[in-house]
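Lettering follows sequence order; numbering is per chain, from 1.
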Amino acid sequence: MISIKNVSKTFNKGTVNEKRALDNLNFEINDGDFITVIGGNGAGKSTMLNAIAGVFPVDCGKVEIDGVNVTRDPEFKRAKYIGRVFQDPMKGTAAGMQIEENLSLAYRRGKTRGLGWQVHAQEREIYKRELARLGLGLEERLSDKVGLLSGGQRQAVTLLMATLKRPKLLLLDEHTAALDPATAATVLRLTREIVEGEKLTALMVTHNMKDAIAIGNRLIMMDRGTIIYDVSGEEKARLTVDDLLKKFEEASGTEFANDRMMLSR
Amino acid sequence: MSGLLLVTQGAVSQGVLWGIMVLGVYITYKLLDIPDLTADGSFTLGGCVCTVAILSGVDPILATVMGLFAGLLAGAVTGILHTVFEIPAILAGILTQIGLWSVNLRIMGGKSNNPLLKSDSTISFFVDNFGVSQSQAALIVGIILVLIVIAVLYWFFGTEIGAALRATGDNADMIRAQGVNINHTKLIALSLSNGLIGLSGAMVAQMQKYADTNMGRGAIVIGLAAIVIGEVLMNRVKNFGLKLFSAVVGAIIYFLIRAYAIQLGLNVNDMQLISALLVAIALAIPVAMRKWREKAAYTEGDLYADEHAAANPSANALNPQNKEGR
Ligand SMILES: Nc1ncnc2c1ncn2[C@@H]1O[C@H](COP(=O)(O)OP(=O)(O)OP(=O)(O)O)[C@@H](O)[C@H]1O
Ligand SMILES: [Mg+2]
């Protein structure tokens with residue numbers, strides 16, 4: 001279980017650009033939760049994921065993973081609990097390294113690295129098997145540089161890397177947003193297969209309300225750095241896009257004036 | 001032996017020993033993507049430490065190792081300035097380099113030059129025992145060392161730590177998300193790099209039989225020039241070991257060009273300018289080519305007019321000027 005208590009984060013404190021991106025955020029993620037996260041631009045979705053991953057220190061509050069207080073741990077220390085896929089397909093893989101090298105780096109996520117050989121023959125079989133699951137033919141290209149792959153292929157490899165060693169929490173930040181619609185659909189399908197198939201705990205930010213409703217067992221809506229709506233189970237399954245828009249107006253007192261959101265109704 | 005042959009042999013020996021420094025620069029510049037300016041200082045440091053140690057009676061091999069460790073420490077200083085105190089890498093390197101200038105003078109007892117004329121060295125050992133010349137001995141020792149260094153680097157960069165280090169240079173965000181403290185990998189890389197540079201300085205001092213507080217001036221530019229030359233000559237190699245080898249070949253070619261140019265009457269003092277120009281040109285060419293290509297490819301009219309006409313003939317009929325400028 002992951003718990004976030006009283007977490008706030010202000011960027012550029014004491015300057016004209018001061019921005020409280022997270023404002024007393026409180027919530028708990030249960031094991032096995034597959035949570036979709038929606039909210040307007042600047043609502044604080046990415047900041048919330050970054051705060052959980054430890055990209056920056058938070059102003060106050062507490063982040064606990066399975067009862068361990070990780071609030072003061074830097075990002076690389078929390079990596080043993082967390083798998084991540086970024087929005088930018090370039091960000092999750094090392095372009096100048098081979099596919100198998102990238103996977104082997106991820107296979108050791110959170111482990112102390114020593115002077116043992118990086119890519120082992122028996123591990124190669126695991127990588128092949130896992131790559132084959134993606135159905136993109138990448139299992140034949142283990143020693144190709146990742147830089148040769150398309151954005152969608154790279155994002156699929158990143159997804160595999162984030163889950164190769166089972167994470168306690170998988171963070172997906174609009175990880176299909178930079179892909180063309182067909183590729184995005186493939187990566188989204190793979191995401192569901194992996195998260196649902198392995199019963200992973202995951203947070204997935206999306207701007208597509210239909211996806212947010214259809215995918216996962218729980219949905220949270222953010223506005224101005226806090227969670228304004230949290231729904232799960234049966235109630236979530238019955239939601240419609242119009243319900244969500246109404247909820248947003250009720251909770252935030254403004255209309256959902258977000259182009260990307262409206263477009264993806 | 002004829003004069004030209006001697007010159008060639010001397011230049012090759014120099015190139016091989018400086019090649020160890022180039023391997024050091026390769027680690028930071030090519031793998032970590034940091035042009036580390038510590039090099040000039042750590043090269044001199046290695047030479048000074050080794051020379052002074054030999055002069056005070058330390059065994060030459062141990063003295064050489066001391067030169068290596070001195071360079072390693074210098075690299076660690078730059079690494080700490082850069083990672084713990086977040087000083088930009090280039091500035092951190094400059095700070096260490098400038099500081100080392102005073103340190104080197106202190107080590108040398110205030111003298112800018114200390115000769116090793118009658119002392120034993122790792123090179124004189126070969127001269128005394130096998131009856132070879134100084135530059136032949138330097139070549140033998142140099143080749144052995146270069147092969148060892150390349151083998152060790154090839155192994156190291158295939159290990160978990162080595163791979164994490166390469167990934168740090170390739171995509172720091174990614175490797176951090178995999179649980180690697182990139183401050184550590186950068187520190188290791190900078191230390192390892194400057195350790196090799198210090199070793200190279202120690203060997204060059206033994207070859208030329210003196211240490212000089214200016215012996216490392218411009219080392220970083222020589223390193224970059226050698227890497228560039230090596231890449232141009234061996235641009236097709238993919239194997240990591242061969243890439244390292246190409247950097248040493250680049251160093252040899254660099255010193256050959258330099259020796260022949262001096263034979264032809266070039267002033268040694270102009271060599272720094274030539275090296276700097278060589279590196280600047282090598283870095284500028286790809287950028288200039290891209291800009292030129294972009295410019296040449298631009299056209300004011302509709303470049304894809306044919307496709308558009310095929311898709312929608314009537315629209316283009318209204319816009320005959322679309323074909324202009326092709
Ligand atoms: N590193 C940063 N420095 C300064 N301000 C930041 C930083 N990161 C985020 N912010 C600000 O914090 C607020 C929340 O940003 P965040 O990226 O979390 O929004 P988001 O919900 O992910 O939006 P989007 O849908 O556009 O991705 C925004 O006002 C943003 O400008
Ligand atoms: Mg965002």
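The shortest side-chain heavy-atom distance between A:Leu115 and B:Trp155 falls under the 4.5 Å cut-off. For the pair A:Arg113 and B:Gln178, the minimum side-chain heavy-atom distance is below 4.5 Å. For the pair A:Glu101 and B:Arg166, the minimum side-chain heavy-atom distance is below 4.5 Å.
The environment of CZ in B:Arg236 is sparse: at most 12 heavy-atom neighbours from other residues, nucleotides or ligands sit within 6.0 Å. At most 12 non-hydrogen atoms from other residues, nucleotides or ligands lie less than 6.0 angstrom from CZ of B:Phe245.
Neither the backbone nor the side chain of A:Ser104 comes within less than 4.5 Å of any heavy atom of chain B. In this structure, chain B has a heavy atom under 4.5 Å from the backbone of A:Thr112, while its side chain stays farther away. Contact annotation for B:Phe156: only side-chain heavy atoms (C-beta onward) come within less than 4.5 Å of a heavy atom of chain A. In this structure, chain B has heavy atoms under 4.5 Å from both the backbone and the side chain of A:Lys91. Heavy-atom distances place the side chain of B:Ile175, and not its backbone, under 4.5 Å from chain A.
A donor-acceptor pair is defined here as one N or O able to donate and one able to accept, closer than 3.5 Å; such a pair exists between the side chain of B:Glu160 and the backbone of A:Gly114.
Screening A:Met161, A:Met90, A:Met97, A:Arg84 for a side-chain contact (heavy atoms from CB on, under 4.5 Å) involving B:Met174 leaves a single residue, A:Met161.
Highest contact tally toward chain B, considering only A:Pro74, A:Ala162, A:Gly54, A:Ala106, is held by A:Ala106 [criterion: heavy-atom pairs under 4.5 Å].
Nearest heavy-atom pair across B:Asn181 and A:Phe76 is ND2-CZ, 3.2 Å.
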